[in-house]
Amino acid sequence: MPYAANTLIAHVDKDNPDPEIMALAGEVLHEGGLVAFPTETVYGLGANALSESAVAKIFEAKGRPATDPVIVHIYEMDDLEKIAVNIPEIAYTLAEKFWAGALTLILQKSDAIPLNVTAGGETVAVRMPSHPVAQALLRKSNLPIAAPSANLFSRPSPTGAAHVLHDLEGKVDVILDAGATSIGVESTIVDLTGETPVVLRPGGVSIEDLREFIPDLAYKARYLAENMTAPSPGTLVKHYSPDAQVMLFQGDERAVLAAMHRMTEQFFAEEKRVGILAMNGDALEFADMPVHVALMGRTDTDMAARLFAGLRALDEDGVDVILVRAPEQSGMGLAIWDRLLRAAEGHIISVTADETAS
Ligand code: TXA
Ligand code: MG
């Protein structure tokens, strides 16, 4: 068998999950085990959110620092009031509009949630996923499920079961495999516990869409070097990193492609293997070179869905560097840009129209 004896991979039909498999997975959660499951964003590594010892296994399996809290997934609105207290009106407005879906709300936690879920803090992240398999697991288990992305800490998030297996083989009891996730980047996180709502992480729901309901919604990207103290969890720059060095190019499209072309030639001269994350239209620019290309499709939506798989695939190809042209920082592009900047460990190569790279 291709997996460790203690990791069971169960294939489930996305639109019609087998009730017996879901019941088995629910039992594993009740027994304090870990179940990896698909959501519409990325795969999650789930544990019973009401059990401190079960949640502790998440941190152990991922190698995740205890200072980084995890999201609690719920099945229906009634569950929200078991997880959170003093819920503001805007939370209900956003829930009505964007749940089930790729939006996570930070609220005041209830006593039901153990402190390791929230990294010792008084706030809890809550999300109602729309993926039918995630919903079936929540319903069958009748538990709130604590789940971070099912990758090793600081690795690209998993958008397929093979990614979960690669990172967590033997560390997770069951992987529910329902194929690739559709959105491909994680949920948008909005903190509703401060004076005004703040986006902590751009993601599957665009800030533009959220601003229809919160016109003054704030977002200030905070990217810290690793040796600095994080003001809030999850703001470390080094994240989503493949083994290869990621080089993020930004600026005028023609100039960026020319700069990437030159950089590639330079790497070839150093006998390095080069990978490119390329939009379909950009890939032709590199057709004359022996580069490894991961095609990102035609739109930001395509790119979001393919981004993490592309980073992992280029790693598998054994490339030394991965070059990528940054998208516009709007709509889904902002979430992609955020992940790429972290994968590039905070470094941006700005190119101006006269083709001088800085
Ligand atoms: O789409 C998603 O959100 C996926 C799927 C599985 O639901 N989950 C996910 O979880 O991306 P994770 O753990 O990889 O990222 C959750 C982020 C972390 O950066 C964490 O620091 C932040 O949410 N977070 C969790 N609880 C928080 C809290 N109480 N306050 C501030 N940030 C919090
Ligand atoms: Mg994660």
Side-chain angles (χ1 to χ4, degrees), residues 34-47 49 55 58-59 61-74 83-84 98-110 113-131 133-135 137-138 144-159 163-164 167-168 172 175-176 181-194 197-205 222-224 230-241 304-305 308 335 338-339 342-343:
L34 298 182
V35 176
F37 61 98
T39 80
E40 65 279 20
T41 58
V42 300
Y43 275 72
L45 179 62
V55 170
I58 293 176
F59 288 88
K62 279 186 61 109
R64 181 180 177 112
T67 50
D68 197 1
V70 297
I71 297 172
V72 177
H73 298 70
I74 59 171
I83 306 304
F98 298 102
W99 281 357
L103 177 68
T104 294
L105 301 177
I106 309 288
L107 299 164
Q108 283 180 41
K109 80 184 266 299
S110 79
I113 296 299
L115 278 169
N116 60 350
V117 170
T118 65
E122 286 306 313
T123 65
V124 63
V126 190
R127 170 162 116 78
M128 186 189 291
S130 65
H131 195 292
V133 174
Q135 291 191 344
L137 184 63
L138 287 159
I145 299 177
S149 50
N151 52 295
L152 283 176
F153 182 66
S154 96
R155 295 275 304 154
S157 290
T159 54
H163 304 155
V164 181
D167 280 15
L168 298 173
V172 50
I175 300 174
L176 298 173
T181 61
S182 57
I183 295 176
V185 290
E186 304 86 341
S187 60
T188 302
I189 302 179
V190 179
D191 186 351
L192 298 177
T193 63
V198 182
V199 171
L200 300 183
R201 176 177 74 183
V205 171
R222 281 172 297 185
Y223 299 102
L224 297 179
S232 77
T235 55
L236 293 180
V237 161
K238 188 175 161 58
H239 217 111
Y240 311 110
S241 299
F308 290 134
D338 169 86
R339 306 314 186 267
R342 290 162 193 268

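For ligands, and for the atoms within them, numbers begin at 1 and follow the listed sequence.
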With rounding to the nearest 0.5 Å, note down the distance linking NE2 in His163 to OG in Ser157.
10.5 Å
Expected output: side-chain Glu122 to main-chain Lys109 donor-acceptor under 3.5 Å
no
Ligand 1 contact by Leu200, heavy-atom criterion under 4.0 angstrom:
yes
Please confirm whether Arg201 comes under 4.0 Å of ligand 1, counting heavy atoms of the residue only.
yes
Sorted by chain and residue number, the ring-ring contact (aromatic ring centres under 6.0 Å, His included) partners of His131 (sequence neighbours excluded) come out as none
Considering distance alone, does some N or O of Arg127 sit under 3.5 Å from an N or O of ligand 1?
yes
Looking only at heavy atoms, the pair that brings Val42 and Glu186 closest together is CG2-CG, 4.0 Å
Mind checking the CD1-CD1 spacing from Ile71 to Ile189? Nearest 0.5 Å is all I need.
4.5 Å
Closer than 4.0 angstrom: is that true for some heavy atom of His73 and an atom of ligand 1?
yes
For a distance under 2.8 Å, tell me if Ser157 has an N/O/S atom near the Mg ion (ligand 2).
no
Nearest heavy atom to atom 27 (C) of ligand 1: which of Gly203, Pro69, Pro38 does it belong to?
Pro69
With atom 4 (C) of ligand 1 as the reference point, say which of Val42, Thr39, Thr188 has the nearest heavy atom.
Val42
For Phe37, give me all partners under ring-ring contact (aromatic ring centres under 6.0 Å, His included), at least two apart in sequence or on another chain.
His73
Check whether any side-chain heavy atom of Pro129 lies under 4.5 Å from a side-chain heavy atom of Leu138, and answer yes or no.
yes
Please identify which atoms of ligand 1 are closer than 4.0 Å to at least one heavy atom of Thr41.
1 (O), 2 (C), 4 (C), 5 (C)
N/O of Ser187 under 3.5 Å from N/O of ligand 1, yes or no?
yes
Under-4.0 Å heavy-atom contact with ligand 1, by part of Arg64 that carries it
side chain
Regarding ligand 1, does Lys62 bring an N or O atom to under 3.5 Å of one of the ligand's N or O atoms?
no
In ligand 1, which numbered atoms sit nearer than 4.0 Å to a non-hydrogen atom of Ile189?
17 (C), 22 (C), 23 (O)
Between Asp191 and Val198, is there a donor-acceptor pair closer than 3.5 Å when you use the side chain of the first and the backbone of the second?
no
Below 3.5 Å, N or O to N or O, backbone or side chain included: is there any such pair between Thr104 and ligand 1?
no
Report the C-alpha separation of Thr39 and Arg127 in whole Å, then their side-chain angles, then the decisive distance to 0.1 Å, and conclude whether the side-chain hydrogen bond (donor to acceptor under 3.5 Å, both in side chains) test is met.
CA-CA 11 Å; Thr39 80; Arg127 170 162 116 78; 3.0 Å; yes
Heavy-atom distance under 4.5 Å between the side chains of Leu105 and Phe98, does that happen here?
no
Can you list the ligand 1 atoms lying under 4.0 Å from a non-hydrogen atom of Ile71?
3 (O), 8 (N), 9 (C), 10 (O), 16 (C)
Among Gly204, Ser157, Gly44, closest by heavy atom to atom 6 (C) of ligand 1 is Gly44
